[in-house]
K.L.:
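If you scroll down you'll find the structure; I have some questions about it.
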Amino acid sequence: MPNPQLTTARFLSRSIEDEQRRFTQEADRLAEQAAGIAASPPARRRTYHGLR
């Protein structure tokens, strides 16, 4: 029978690794989106959060 502490430790380790991977993927996605926004010329009468 597996040691419950080792099983829990493995689960938590995987959970943390998965969360770190998701965080990195989201950060990369946001960086790409920000770079695209920064590289595009400003649109005429561009609004910021719906405000002019």
Side-chain angles (χ1 to χ4, degrees):
M1 184 166 164
N3 182 333
Q5 289 179 331
L6 290 178
T7 302
T8 301
R10 286 186 190 126
F11 172 79
L12 290 173
S13 178
R14 285 188 198 133
S15 180
I16 291 168
E17 290 169 0
D18 289 345
E19 185 63 26
Q20 287 174 330
R21 186 178 63 255
R22 284 191 297 270
F23 180 86
T24 300
Q25 289 170 343
E26 180 69 5
D28 290 344
R29 186 189 67 77
L30 290 172
E32 288 176 13
Q33 185 179 11
I37 291 170
S40 65
R44 189 168 183 216
R45 301 184 75 181
R46 179 181 280 175
T47 61
Y48 181 75
H49 295 291
L51 303 174
R52 292 179 191 235

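Positions are given from 1, in the same order as the sequence printed here. The structure presented is a predicted model; accordingly, all values stated were derived computationally and were not measured.
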K.L.:
Donor-acceptor pair, Thr8 side chain versus Pro4 backbone, under 3.5 Å?
P.N.:
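The answer is yes, because a donor-acceptor pair under 3.5 Å joins these two groups.
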K.L.:
For Asp18, enumerate each residue passing the side-chain hydrogen bond (donor to acceptor under 3.5 Å, both in side chains) test, keeping only those at least two apart in sequence or located in another chain.
P.N.:
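Result, side-chain hydrogen bond (donor to acceptor under 3.5 Å, both in side chains) vs Asp18: Arg21.
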K.L.:
Regarding Glu19 and Arg22, does a basic nitrogen lie under 4.0 Å from an acidic carboxylate oxygen?
P.N.:
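Result for this pair is yes, salt bridge flagged.
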K.L.:
Within the distance-only criterion (no hydrogens, no angle test), does the side chain of Ser13 pair as donor or acceptor with the backbone N or O of Ala9 below 3.5 angstrom?
P.N.:
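Answer holds: no.
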K.L.:
Check this for me, if you would: do Glu32 and Arg29 make a salt bridge, where the nitrogen-to-carboxylate-oxygen distance has to be below 4.0 angstrom?
P.N.:
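A salt bridge is absent here (no side-chain N lies under 4.0 Å from a carboxylate O).
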K.L.:
Going by side-chain heavy atoms closer than 4.5 Å, which hydrophobic residues are tied to Phe23, directly or by a chain of links?
P.N.:
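Its cluster partners, ordered by chain and number, are none at all.
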K.L.:
Between atom CD of Gln33 and atom CG of Asp28, what is the distance when rounded to the nearest 0.5 Å?
P.N.:
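One gets 13.0 Å once the value is rounded to the nearest 0.5 Å.
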